[in-house]
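All chains are named by letter (A, B, ...) in the order of the sequence lines, taking the proteins before the strands, and each is independently numbered beginning at 1.
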Amino acid sequence: MSAIQSAFPGSVLESRVESDRRLWITVDPKKLVEITQFLRDKKDFDHYSGAAGVDRINDNLFEVVEILTSHGAHQVVVLMKVKIPRDKPSVRSLTGLYWNANWYEREIWEMYGINFEGHPELYPLLLPDELVGYWPWRKDFKGYPDTTTGERAIEQVGPDGYTEFKIMPHPELIKAGVVPERPKYPTFREREEAEIKSDSEMIMHMGPQHAIVPGPFLLDLLIEGERVKKAFLDVGYIHKGIEKIMENRTYLQGLVYTDRMCYLASITNNEAYCGAVEKLLGITPPERAQYIRVILAELSRIQSHLLGTGEFLTLLGAATYSPFQYMIIDREDIVYLMESVTGARITHTFVRFGGVRNDLPDGFADKARPILKRMRERTEEYMDLLHSDPIYTRRMRGIGVLSPGDARRLGVSGPPLRASDTPYDMRREDPILVYPDLDFKVVTRKAGDAEARVEVRLEEILESIHIIEQCLDQIPEGPIQEKLPKKIKPEPGEAYYRVEDPRGEMGFYVVSDGSEKPYRVKVRGPVYAYMQALPPLLEGAYVADVVAIAGSMDACTSEVDR
Amino acid sequence: MVLKSLKYTLKTALTTTEVTRLYPEVMMELPANERGIHELDATTCIGCGSCARICPNSCIEMVPYRYGNPLKNRKMQFPQIDYGRCTFCGLCVDECPVSCLKMGKTTEIAGWDRKDIVYGPDRIAVKKFSEKEVAELEAEAKRQAEEKKKAAAAAAKEKAAKAKGKENKAKAKLGEGGEA
C-alpha cells in the first residue's frame, strides 16, 4: 500500500486495509493503467481475477472494481476501484496489460454502458443485439421493451415465407427519443466472415447444442483442411441475469439463486455467497458448522469431478468400459450422502449466514467411512484403467498443451491451471473455514495437456476423501448456527470472498447499502475464464481434437451465462 | 488392456450392490430430512404468512380453509403451494415461527393439469380438526370474541366515563375560575 502511495503521489484517493489479505484502494481514473502496470511488474500481481461495475446512482457515479491477485507470490487481493461520472462514463482499458480483461470489460460495457478506451473488440457478449444500448443493469433501467403496452412481439413475414417474431421498441417511445441509439458494431457473423482469407478456409459450427458440454454455447471454427485456424465463441444463450435478480431479493432469498448457477457446485456457490455476506455482517460461523461446510464442499467436489470426467470420457468415445456408467454408480453413493444431510440431491440451499441449515444426521460418520473407502478404491481403478488404455492415451496425451506461462496469462484457474504446473488453490491461497487445520496437498501435473487435466481431477478426488476423513475424526460437538438479527441488514459496505469451486476460483463481490437487499452482487466464476481461454487454446489443433481439448476443461455454460 | 477392462467390468458386475431399481414397485429409501412435498399441521398454524413472504418464487398463497384452529388463526388463512413454481429450497420451513410447516418424503407430484399441482391446505394438511372439533372451537372463539368485545366495551365505557369525569372537573374548574 505504502509502496503505491510513494510511487504515485496524489493518485490514491482512498484506501482501506481490511485484513492482511484484502486491500481496497480507490485510484484516479487517469492513473489506472500506470498503477496496474506497477502492481503487475513490481509487486507480482500477475493474475487478473475479474472486474465488476457498480451503478452508484445516488452519487451520480459509476464504479469499476478491478480484482488483482497473484499466482502464489503472495496472498494479497487488491480491489482497485475507479469512480467515473455517470453522464460520460469512460475508463482506460486494461486489455493491454492482462489478456483476460477482455471479456470482463465487454460485459461491463454491455450491461452498464461504460466505455473502455483502447479495448480491441467492444462487442456484446451475453446480451442479444436488440438489448444493447439500453444498458440493462443500470439502476434506472425500466425494462425492455415497454412492458406496459403488452405488445411484446411483432410478427414479421419475410420474403421467403418464414414468419419471424421480433421484439421492437414501442413507436411512441422512439418518437419521444427514449429509445437509445444502438451502438454500431459488426455482428458475430460478420466478424467471423471477415476472417476468411482464402477459398480453402471454411467455418464449421459446433453448437449451440453440442458434444462438449450439456449447456448451449456456439463454437465456430475457422478451419483450413483439418486444422483450426481460429475459433469464435458466442455465449449468452441461457443468460438468466441472476446478478440482477439477486438485487431484487432479500439476502436470504438470493441464496436460492446461487444454487442454480451451476448445479454441480451448488454447495460451493452457497459457501461463497454466504461468506461474502458474513463478512458484511461481521460474524463467523461456529466451528462445527465450519466442519460441516468443509465436508459438504468436498463431497460436492467429488461428485462434480466424477460426473464431469465420466461425461467427458463418454463424449470422447470411450465406450469400451463405459466409465460414465461406472462413475454414475459411484456418484449415486456420494449424492445420497449429501442428500441425507441437506435433504436435496443437487440444489442444496444448505449453507446459511453464520452456520448451516441442518446438523449431520445420526451415524453419518459410520455411513460415510465405508463409502469413502470404496470411492478411494474405485478412483485408483479408474486411474489404472485410463493409464493403460492405448486409445485414450493417444487421444489425450500431448493434446491441447497449456504451458504454465500461457495458463497464467489466460487467467484460467482450478484443475486446468494446476495441470499446468501451477500450485494455485484457493484452499491454500485464501484459506477459509477450517482448511488451515487440515492436511492436504495441492495436486499438480507438469504436462499441461488434456490427460494431465483429467489426472488432476481424479487425484483431487483422493485428496478430498482424505480431507473428509480428517474432518470426520476432528469434528467437535457444538452449535451449528450463530445468532443472527431477525432482519438481515448489513452495514453499508462491500466484501469479496472466494472459495475453491470444483472448477476453480469462485468469488462473490457483494455491495450493501444498508437495506434488506444487496445493492450489487457480482459473481466471478471459474468457467467464465475457461471459456475465454478456449479460442487461443484451440488454435492450430485438429478438428478431431476439439472435443478432447474443450471437454477436458470441464465447462458449465450455465455459470458463464449466470 | 482388453483383459484388464474385462476384469474390472466383471468385478463391478459381481460386487456392486444395486444399480437399477424396479421403480414404481420398489421406491428409493429417502433420508429423514428429505425435502419433499410440504406437510402442514393445521391445528397449530397461526396464519402469519411468513412462509408466503420469504418464498423467493412467491409460490405460496394464503387461502381460507375450514379445519384449522380459529383460536390461533383468526382469519383462517392457510398456505396453498403451487408446485409448478416451488423449488423445494425449504426457506418457508425454516421461517415458520411455530414449526407447523414441514417437508415430507413424498416426491411425486405429477398431474394432468396445471391446476392439479397447486396443492391447497386440504392436500398438504397432515393434521387437522374434525367438523365437530371445529364447531366447538368456533363456538369457543365466538365466546372469547364476545367476551373481548364486552371487555372492550366496558373498557371503552370506563374510559368514556373517566374522560367525562375529567371534562366535568375541567368544566367545574372553569366554572370556578369564571366565578372567581
Side-chain angles (χ1 to χ4, degrees), chain A residues 245-246 248-250 252-260 266 270 318-323 325-326 328-330 332-333 336-350 352 357-362 364 367 374 377-378 381-382 384-393 481 486, chain B residues 1-21 23 27-39 48 50-60 83 85-97 99 101-108:
Chain A
I245 294 174
M246 281 164 81
N248 299 313
R249 298 283 187 277
T250 61
L252 192 56
Q253 287 176 343
L255 184 61
V256 178
Y257 290 90
T258 58
D259 280 341
R260 268 100 193 148
S266 60
N270 281 179
T320 44
Y321 45 91
S322 55
Q325 309 300 339
Y326 281 16
I328 279 285
I329 295 171
D330 295 343
E332 181 58 37
D333 290 340
Y336 186 74
L337 264 188
M338 294 175 83
E339 192 188 7
S340 72
V341 184
T342 64
R345 286 174 68 84
I346 46 176
T347 47
H348 301 285
T349 326
F350 178 67
R352 287 288 186 277
R357 186 171 184 268
N358 305 336
D359 205 342
L360 296 178
D362 295 337
F364 177 79
K367 222 193 247 171
R374 202 180 99 86
E377 283 165 18
R378 294 280 286 189
E381 262 176 38
Y382 296 139
D384 182 23
L385 256 178
L386 297 182
H387 212 70
S388 60
D389 185 345
I391 304 169
Y392 171 82
T393 316
Q481 179 72 44
K486 199 158 188 207
Chain B
M1 165 59 211
V2 179
L3 283 179
K4 203 177 209 172
S5 337
L6 262 179
K7 186 187 112 194
Y8 282 126
T9 313
L10 278 176
K11 200 179 155 199
T12 312
L14 295 177
T15 55
T16 312
T17 46
E18 189 184 32
V19 178
T20 45
R21 206 172 288 123
Y23 160 59
M27 295 294 280
M28 188 181 170
E29 196 189 315
L30 292 172
N33 46 10
E34 174 73 22
R35 298 209 303 255
I37 289 181
H38 295 77
E39 289 173 353
C48 61
S50 62
C51 48
R53 254 173 280 129
I54 193 72
C55 183
N57 295 327
S58 33
C59 70
I60 304 186
Y83 283 107
R85 308 174 66 150
C86 180
T87 57
F88 298 92
C89 61
L91 291 185
C92 47
V93 176
D94 296 356
E95 205 69 7
C96 185
S99 321
L101 197 64
K102 290 209 166 57
M103 284 170 122
K105 286 192 187 181
T106 331
T107 47
E108 288 166 323

Problem - Closest contact, heavy atoms only, B:Pro31 versus A:Ser340 - result: CB-CA, 3.5 Å
Handout entry: Max heavy-atom pair count under 4.5 Å with chain B, selected residue of A:Thr347, A:Leu252, A:Leu255
Key = A:Leu252
Practice task
Would you give the length of the straight line joining atom CG of B:Leu91 to atom CZ of A:Arg352, rounded to the nearest 0.5 angstrom?
Solution key: 5.5 Å
Exercise for the section: Kindly compute the distance separating CG (B:Asn33) from CG (A:Leu360), expressed to the nearest 0.5 Å. Expected result: 10.0 Å
Handout entry: Heavy-atom side-chain proximity of A:Arg357 to B:Val93 below 4.5 angstrom
Key = yes
Fill in the blank from the handout: side-chain contact (heavy atoms from CB on, under 4.5 Å) with A:Gln253: of B:Cys89, B:Cys55, B:Pro56, only one passes, and it is B:Pro56
Handout entry: Donor-acceptor under 3.5 Å (B:Arg35 side chain, A:Arg345 main chain)
Key = no
Practice task
Look at A:Asp330, A:Thr250, A:Asp259, A:Val341 and state which one has the largest set of heavy-atom pairs under 4.5 Å with chain B.
Solution key: A:Val341
Handout entry: Pairs of heavy atoms under 4.5 Å with chain A: top-ranked of B:Leu30, B:Ile54, B:Asn57, B:Asp94
Key = B:Asp94
Completion exercise
Looking only at heavy atoms, the pair that brings B:Met28 and A:Tyr336 closest together is CE-CD1, 3.8 Å
Problem - A:Asp362, CG: over 12 other non-hydrogen atoms inside 6.0 angstrom - result: no
Handout entry: chain B contact via A:Phe350 - which portion, at a heavy-atom distance below 4.5 Å
Key = neither
Practice task
Check whether more than 12 heavy atoms from other residues, nucleotides or ligands sit under 6.0 Å from atom CD of B:Glu29, and answer yes or no.
Solution key: no
